[in-house]
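Reviewing the structure listed below.
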Amino acid sequence: MNSLEQQLTTLAKAAVKALYGLDATDAQIQLQKTRPEFEGNITLVVFPFVKLARKAPQAVGDEIGNWLLVNGEGLVAKFNAVQGFLNLSISDAFWVNQLQAIDADETYGRFERPSEKAFPFREGEGVGSPLMMVEYSSPNTNKPLHLGHVRNNLLGYSIAKIQEANGWKVVKTNIVNDRGIHICKSMLAWLKFGNGETPESSGKKGDHLIGDYYVRFDKEYKAQIAELMAAGKDEETAKREAPLMLEAQEMLRKWEANDPEVRALWAKMNEWVYAGFDETYKRMGVSFDKIYYESNTYLEGKSEVEKGLASGAFYRREDGSVWADLTKDGLDEKLLLRSDGTSVYMTQDIGTAKLRFQDYPIDKMVYVVGNEQEYHFKVLSILLDRLGFPFGKELVHFSYGMVELPNGKMKSREGTVVDADDLMDKMVADAREISKDKVHTLRSFPEGDKNTLQGITEAEADEIARKVGLGALKYFILKVDPRKNMLFNPAESIDFNGNTGPFIQYTYARIQSVLRKSYSPKDGLAAERSYSEAVLQPSGRSLEDKELALIQRLTEYPAAVRTAGEDFSPAVICNYAYALACDFNSFYHDLSILNEPDESKRALRLLLARNVAKVLQSAMALLGIEMPERM
RNA sequence: GGUCCGGUAGCUCAGCUGGAUAGAGCAACAGCCUUCUAAGCUGUGGGUCUCGGGUUCGAAUCCCGACCGGAUCACCA
């Protein structure tokens, strides 16, 4: 809640008390932004007092409005009441003060401590920021990253940034699923059909190379199944008895038995994949503070399960498998160790959790994982709790929706996946193409104008295209409510106009251009210095509507950061940034900044522009989107 | 079948702790570059907020029930 709302809440309570003798609760003081079709900035809903005041809504509105005008300490400049809505116009002096406060605040939109609502389970002890660990990405090492991973990575990174802004110390982590039958399939196919191919020999990225052999395995495996079925076997049997599958399983056993040859091959191929992933992550702009590998954590999980067995939290069946009975929690029974003693996904997650809490004083653990695993995390939460881990109950599964294609889900085997590297390539190439067109259509600027794209080097143009292309992609994905499934149509390219990342980047670039010009010899460096001083003397004039609307929008930024943090929603930041950019473009269109003759007005507008740029950049940084200085 | 999530304009999505005549973008159409970057601005058309009940001054928003779509309920991850 910003200070305006706090002040008005206090005033409104006093008004209701003075006029009707009522002690209003916070919930009864409903303030909302005034709709644009009415005059005013902020609106008090008077319905909650109508019944007790025993008067018509209109009369109540007028009475409270008058009271605020007289007793509002100059905050309320005027008002109008329409039906049950009291629209208040706040004084220009207040808004100008707000703008100056924002300008002076180097960390505007960042908080020292998490809000009450988001505060951790551990009793507030000592000072400093509580620690949140955010797990995201978590790839398998048998195929390259696709669009589904892109959504995960962007959400995970953005959530980490947003929570940092909300006062958490954040550790970004990744659990790499580097072992299991899927890896063995790729290894086996490579051994059989690879002819020693390496990333160096073929020029392929390591993750793509491994992915190709994973696909190859599937193809050969299917052929074997068909063969066996043609020979009279039923499908079940054929799948089970296909030689390739038997070999893959044998390889997995050898891996678990530490067979030196299998381990060496596994290590080599994983290195290829990691090199490929690193490149993709770097390009995407995401990073991790600590990486865990499943091959290092699954044994820890097993031993935790053994402990749980000893303590009676779990039980063993006759065939040797270990289970947790969750029927008391309204769930099923859950397998933790197979009858042959090998571990499952859940076992590994228990081990990973344990290691993490050994490594860090975690107050809150967040898993960025798709919504198809909701059941898994519900179970994990209960199991960790049963094993005596204090964080178990409080873990957060940040469950996000699938990315769907027009004909349904992406399926690796059907070749309908949208590859992450290809997609980024295309976005950047599109951005480069579009910017070429722009340069040709800019008729109104002289050749070599440094504030347009003319006269810049190829390398600079490439860098701009990189920022814009990735900005378009990231915004496209992050603007959708994370909980919802979203649709991506590969046949339609992602927009660069309208409610998009480039729109916001463009707004920023325009402002930078204005600011650069404001420092030109013509205006003198005095322009910079005169911002604050000139603004302080508004020479009795009143703010333009569009100036006021922009300032008001700027004051809403901290609330947007709060909400985004509490709701785990980068989309909230997108919506805010878009609204701010819209407001600025409208202002920019109607009012001149540098050509404004009145020094005080010019200074205010420059101050406004500079802070819009600051907030846009801050907001986009929370989304992992970089801003170009010109475009 | 049980549980969870979703259904808003032709398309993609906001709005959902109840508030004024439900908003953007794309697509379509019509305007605006001698003036700070036209990736922009302005305007037109486009809606039974899936359907039916309920709660109340007021429901896209909350409750109940249908219908439709998705996810999940593995000795997969």
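Note that these values count all heavy atoms, side chains included, but never hydrogens, waters or copies made by symmetry. Chain naming here is simple, since letters A, B, ... match the order of the sequence lines and numbering starts at 1 in each.
The phosphate of A38(B) has OP1 or OP2 within less than 4.0 Å of a side-chain N or O from Arg510(A). For A39(B), one of the phosphate oxygens OP1 or OP2 lies less than 4.0 angstrom from a side-chain nitrogen or oxygen of Tyr506(A).
Out of C36(B), A20(B), A71(B), the shortest distance to the side chain of Glu37(A) is found at A20(B). When distances are taken from the side chain of Ala509(A) to each of C73(B), U37(B), A77(B), the shortest belongs to U37(B). For Asn371(A), whose side chain is taken as the heavy atoms from C-beta onward, the closest listed nucleotide among A71(B), U35(B), G70(B) is A71(B). Comparing C26(B), C73(B), U37(B) by their closest approach to the side chain of Lys517(A) singles out U37(B). Of the candidates U37(B), C73(B), C41(B), the closest approach to any side-chain atom of His589(A) belongs to C41(B).
By the 5.5 Å and 30° criteria, Phe38(A) is stacked with the base of A20(B).
For the P atoms, the distance from G52(B) to C57(B) is 24 Å, rounded to whole Å. As rounded to the nearest Å, G40(B) and G25(B) have P atoms that lie 10 Å from one another. To the nearest whole angstrom, the two P atoms, one in C41(B) and one in G2(B), are 50 Å apart. Distance check on atom P: G19(B) versus A27(B) gives 32 Å, rounded to whole Å. Between the P atoms of C5(B) and C63(B), the separation comes to 10 Å (whole Å). Annotation: G15(B) and G47(B) have their C1' atoms spaced 15 Å apart (nearest Å). Comparing the same atom, C1', in C16(B) and in G23(B) gives a spacing of 14 Å after rounding to whole Å. Between C68(B) and G10(B), the two P atoms lie 22 Å apart (nearest whole Å).
A donor-acceptor contact closer than 3.5 angstrom links the side chains of Arg338(A) and Thr342(A). Neither side chain, Asn142(A) nor Ser186(A), offers a donor N or O lying under 3.5 Å from an acceptor on the other. For the 3.5 Å distance criterion, the side chains of Asn87(A) and Thr43(A) qualify, holding a donor opposite an acceptor. Between Tyr292(A) and Gln348(A), the side chains place no donor N or O within less than 3.5 Å of an acceptor N or O (distance only, hydrogens not considered). His376(A) and Asp349(A) share a donor-acceptor pair across their side chains, judged by distance under 3.5 Å alone. A donor-acceptor contact closer than 3.5 angstrom links the side chains of Thr507(A) and Asn585(A).
Side chain of Gln58(A) to backbone of Ala81(A): a donor-acceptor contact under 3.5 angstrom is found. A donor-acceptor pair is defined here as one N or O able to donate and one able to accept, closer than 3.5 Å; no such pair exists between the side chain of Tyr508(A) and the backbone of Val612(A).
Nucleic acid contact for Asn142(A): none, since no nucleic acid atom lies under 4.0 Å from a heavy atom of the residue. Within the nucleic acid shown, Glu372(A) comes within 4.0 Å of sugar-phosphate atoms alone, with no base atom in reach, counting heavy atoms only. Within 4.0 Å (heavy atoms only), Val344(A) reaches sugar-phosphate atoms of the nucleic acid but no base atom. Using a 4.0 Å heavy-atom criterion, one finds that Gln348(A) contacts no nucleic acid atom at all.
The OH atom of Tyr345(A) sits 14 Å away from the C1' atom of U72(B) (whole-angstrom rounding). Taking atom CG on Leu606(A) and atom C1' on C36(B), their separation rounds to 10 Å, with Å as the unit. Look at NZ on Lys378(A): it is 14 Å from P on U72(B), rounded to the nearest Å. One can place CZ of Phe587(A) at 14 Å from C1' of C41(B), the figure rounded to the nearest angstrom. When the P atom of U72(B) is taken as reference, atom CD of Glu374(A) falls 10 Å away, rounded to whole Å. Here A39(B) presents its P atom at 15 Å from CD of Glu433(A), a figure rounded to the nearest Å. When rounded to the nearest whole Å, the span between CZ of Phe496(A) and P of A39(B) equals 13 Å. In this entry the distance linking CZ of Phe377(A) with C1' of C5(B) reads 17 Å, nearest Å.
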- Query: Between Asp495(A) and Thr500(A), does a side chain to side chain donor-acceptor pair (under 3.5 Å) hold up when you go through it step by step?
  - Reply: CA-CA 7 Å; Asp495(A) 260 305; Thr500(A) 65; over 6 Å; no
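Nearest-nucleotide assignment on RNA chain B puts the 5′-proximal partner with Tyr588(A), out of Glu294(A) and Tyr588(A). Toward the 5′ end of RNA chain B lies the nearest nucleotide of Thr500(A), the other residue of the pair Leu591(A) and Thr500(A) mapping further downstream.
A 3.5 Å limit on both hydrogen-bonding distances identifies no Watson-Crick or G-U partner for U61(B). Across all strands shown, A14(B) has no partner, as no Watson-Crick or G-U wobble contact with both distances under 3.5 Å is found. Checking G69(B) for Watson-Crick or G-U wobble geometry (two distances, each under 3.5 Å) identifies C5(B) as its partner. U56(B) is unpaired under the Watson-Crick or G-U wobble criterion, no partner having all donor-acceptor distances under 3.5 Å. Across all strands shown, U44(B) is found opposite A28(B) as a Watson-Crick or G-U wobble partner, with both distances under 3.5 Å. Base pairing of A39(B): no nucleotide in any strand meets the Watson-Crick or G-U wobble criterion (both distances under 3.5 Å).
Anti is the classification of C68(B), since its glycosidic angle lies more than 90° from 0.
For Phe587(A) and Phe584(A), the distance between ring centers is under 6.0 angstrom. Proximity of the aromatic rings of Phe49(A) and Tyr20(A) is defined here by a centroid distance below 6.0 angstrom, and this criterion is not met.
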- Which parts of nucleotides 8-19 of chain B does protein reach within less than 4.0 Å, heavy atoms only, written one letter per nucleotide 5' to 3' as B for base, S for sugar-phosphate only and - for none? ----SSS-B--B
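Residue-to-nucleotide contacts include no donor-acceptor pair under 3.5 Å from the side chain of Asn497(A) to the base of A38(B).
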